[in-house]
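Have a look at the structure below, then the notes.
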Amino acid sequence: MEDSKKSIKVNDLRLGKNNSEQLSFFKKINYELYFFIALLFLASFSFTKVRADRVYDVYFNTFIFDYSIGFAPRLFIGSVMSLFTDFKSVRFMTGFMHISHLLSYLIYSFVAGRLIRKAADDVRESVIYLIILFLVNPFSFSAISYRAISVDHFTLVFTLLMLMVLTKSYFRWSVPLLIFVALATYMQYAFLFMPIIAILLLYELGKSDYSKKNIGLSIISFATMAFFSGYFYLFSGLKNYGNRNELLEYAGKMSDLIFDDFAKNVIHDYFLTSPFERFRFFSAADPNLVQKLKLDVIAKDIPYFIYALPLFVFFVFVWKDAIKRAGKKFEKFIFALCMLAPLFRLPLLFLMTPDIIRAWIAVVTGQFFLLFFFVFRKDPFVLESVRRARDFLKRHYLMSLLVLGFYAISFLAFRSFRAWNVFVGTYHEALY
């Protein structure tokens with residue numbers, strides 16, 4: 001009897017130990033777990049699926065094609081899909097997109113948790129606040145929701161992967177490959193997220209005192225940026241297909257998507273003409289029309305700037321303060337580039353593309369990514385700037401809550417695209 005009591009006590013102790021280990025595991029991933037649950041909850045409002053007769057994302061039509069038709073822009077994701085199936089049904093595309101979103105949420109959660117733990121103790125609270133602000137801000141969340149334009153979703157993931165591997169001794173050599181992958185997915189990446197990758201490559205180069213390995217990585221990365229940006233922008237159209245109908249006939253055999261007139265025109269513009277064709281067409285037709293279109297885009301751009309102004313005030317404060325504190329000219333140059341990074345999208349205006357409006361996603365998200373990267377690297381000048389910003393927000397605690405509330409309330413409007421259009425202006429029109 002006594003032996004059995006001892007056995008029960010031992011088993012109880014062992015069970016308790018196992019429970020303790022399990023709880024310890026959950027404590028270790030509590031940030032990741034909370035962030036992942038929050039992402040799933042927020043994304044549920046925008047959950048959707050691909051429809052055969054009406055796609056909310058015109059790029060789904062391009063995913064039917066892969067590199068078997070030629071080395072053209074925007075074919076990378078379609079080529080990845082082709083590894084799994086030749087016939088890209090609506091059902092397959094829906095499943096592929098949902099799985100890719102779930103995987104991206106795991107990546108975002110892992111990065112957020114690691115960033116919080118890696119942050120210095122006295123700025124950890126500020127980092128949590130900024131991650132929440134990133135999460136509820138419609139500009140940044142619009143690239144990770146289920147209603148995100150697919151190329152924005154994928155290029156954001158590729159950018160985050162680059163930031164993750166940039167500081168790893170061996171994995172960082174995958175950065176040039178990821179740059180190619182991002183450009184091959186969406187060539188406008190050259191003016192969206194690629195500038196922040198260029199800035200951080202330069203930063204890592206200077207931080208390593210211009211080591212040979214970092215010089216080599218920078219040369220290969222910048223060469224990749226230049227070559228493939230040039231190739232995709234100078235692409236003059238597929239030579240294997242004489243007209244749009246031949247491409248559509250091919251697409252009809254490879255998917256059950258139904259192409260409307262708009263989608264047919266997009267296929268023609270994306271695969272049978274040069275990206276500069278539209279600009280040349282407008283210029284030849286009516287030079288005054290070009291000027292009018294640019295002015296229209298600028299007029300639509302103003303509400304977005306006003307809406308993002310509280311964020312820009314914060315980021316400009318951090319970068320300016322870091323510039324003042326930095327001792328070396330090179331460091332000052334890097335932080336100046338960070339402050340000017342939003343201007344790198346302006347060439348899109350001259351390319352006559354509505355993507356300059358959608359580029360606000362990259363503008364705002366890029367600023368967050370730059371700041372998070374420097375916090376993760378424990379850059380002393382940026383950390384001190386964040387501390388100063390933290391002290392200011394603590395003195396004006398109500399204002400910090402109002403900023404968070406302002407973007408959180410507008411996030412609720414983002415649940416409905418119509419409400420979001422009314423709130424900000426012409427977002428849906430710019431996208432489609």
Side-chain angles (χ1 to χ4, degrees), residues 66-67 70-80 151-152 154-239 270-271 274-276 279 328-331 333-338 340-348 350-351 353 355 359 362-363 365-366 369-370 373-374 377:
D66 55 32
Y67 289 124
F71 192 63
R74 305 180 180 89
L75 290 180
F76 180 77
I77 300 301
S79 298
V80 172
V151 291
D152 291 335
F154 286 115
T155 52
L156 185 69
V157 173
F158 298 147
T159 302
L160 193 56
L161 288 175
M162 284 184 239
L163 300 187
M164 290 170 64
V165 302
L166 194 54
T167 59
K168 308 301 179 185
S169 56
Y170 295 107
F171 289 110
R172 63 183 173 184
W173 290 100
S174 64
V175 168
L177 176 62
L178 288 168
I179 290 171
F180 160 72
V181 164
L183 285 168
T185 299
Y186 187 43
M187 63 193 182
Q188 313 290 37
Y189 187 83
F191 302 106
L192 301 179
F193 290 107
M194 198 166 75
I196 74 168
I197 299 300
I199 291 171
L200 295 179
L201 280 167
L202 290 174
Y203 174 79
E204 288 298 311
L205 181 62
K207 193 177 180 67
S208 68
D209 291 326
Y210 306 97
S211 68
K212 291 181 179 179
K213 289 183 179 179
N214 273 288
I215 290 174
L217 176 64
S218 298
I219 290 173
I220 296 172
S221 298
F222 283 109
T224 303
M225 291 178 186
F227 179 80
F228 286 106
S229 295
Y231 177 86
F232 290 135
Y233 271 103
L234 296 174
F235 174 77
S236 58
L238 293 168
K239 306 305 179 186
Y270 282 1
F271 298 129
S274 166
F276 293 107
F279 177 72
K328 299 178 181 178
K329 289 183 178 180
F330 181 80
E331 294 166 337
F333 173 68
I334 292 295
F335 298 136
L337 287 178
C338 292
L340 296 174
L343 301 179
F344 294 145
R345 72 189 179 103
L346 292 182
L348 293 174
F350 300 97
L351 293 173
T353 169
D355 291 344
V363 167
T365 305
F369 278 6
L370 285 169
F373 184 87
F374 288 124
R377 293 293 277 158

Once the angle between the rings of Tyr203 and Phe335 is folded into 0 to 90°, is it parallel (under 30°), tilted (30 to 60°) or perpendicular (over 60°)? tilted
Parallel, tilted or perpendicular for Tyr231 and Phe227, by the 30°/60° rule? parallel
Are any side-chain N or O atoms of Thr365 and backbone N or O atoms of Ala362, one a donor and one an acceptor, separated by less than 3.5 Å? no
To the nearest 0.5 Å, tell me how far Phe171 CZ sits from Thr167 OG1. 11.5 Å
Over all atoms of both residues, closest heavy-atom pair of Pro176 and Ile220: CG-CG2, 3.6 Å
Shortest non-hydrogen contact from Ala190 toward Tyr233: CB-CE1, 4.3 Å
More than 12 heavy atoms of other residues, nucleotides or ligands under 6.0 Å from CZ of Phe333: is that the case? no
Distance, nearest 0.5 Å, that separates CD of Gln188 from OG1 of Thr155: 11.0 Å
Flag the pair Lys213 / Arg172 as yes when at least one side-chain heavy-atom distance between them is below 4.5 Å, and no otherwise. yes
Could you tell me which non-hydrogen atom of Ala184 sits nearest to which non-hydrogen atom of Tyr67, and how far apart they are? CB-OH, 3.5 Å
Determine, step by step, whether Phe154 and Val80 satisfy the side-chain contact (heavy atoms from CB on, under 4.5 Å) criterion, reporting the C-alpha distance in whole Å, the side-chain angles of both residues, the deciding distance to 0.1 Å, and the verdict. CA-CA 12 Å; Phe154 286 115; Val80 172; over 6 Å; no
CA sep, side-chain torsions, deciding dist, call: Leu166, Ile197, side-chain contact (heavy atoms from CB on, under 4.5 Å): CA-CA 9 Å; Leu166 194 54; Ile197 299 300; 5.9 Å; no
What's the shortest heavy-atom distance between Leu75 and Gly70, and which atoms? CD1-O, 3.2 Å
Between CZ on residue Phe235 and CZ on residue Arg74, distance to nearest 0.5 Å: 9.5 Å
Side-chain contact test, heavy atoms from C-beta onward, threshold under 4.5 Å: evaluate it for Leu346 versus Phe191 and give yes or no. no
Nearest non-hydrogen partners of Phe271 and Pro73, listed with the distance: CE2-O, 3.5 Å
If you compare all heavy atoms of Leu163 against all heavy atoms of Phe373, which two are closest, and at what distance to 0.1 Å? O-CE1, 3.8 Å
Test Val165 against Trp173 for side-chain contact (heavy atoms from CB on, under 4.5 Å), laying out the working first. CA-CA 8 Å; Val165 302; Trp173 290 100; over 6 Å; no
For Phe71 and Phe232, I'd like to know if the aromatic rings sit close, meaning centre-to-centre distance below 6.0 Å. yes
Distance col, row Ile199:CD1 vs Leu202:CG, nearest 0.5 angstrom, shows 8.0 Å
Using side-chain contact (heavy atoms from CB on, under 4.5 Å), reason through Leu201 and Asn214 one step at a time and then give a plain yes or no. CA-CA 8 Å; Leu201 280 167; Asn214 273 288; over 6 Å; no
Rounded distance [0.5 Å steps], CZ in Phe76 versus CZ in Phe180: 7.0 Å
Short side-chain to backbone donor-acceptor contact, Ser229 and Ala226, under 3.5 Å: no
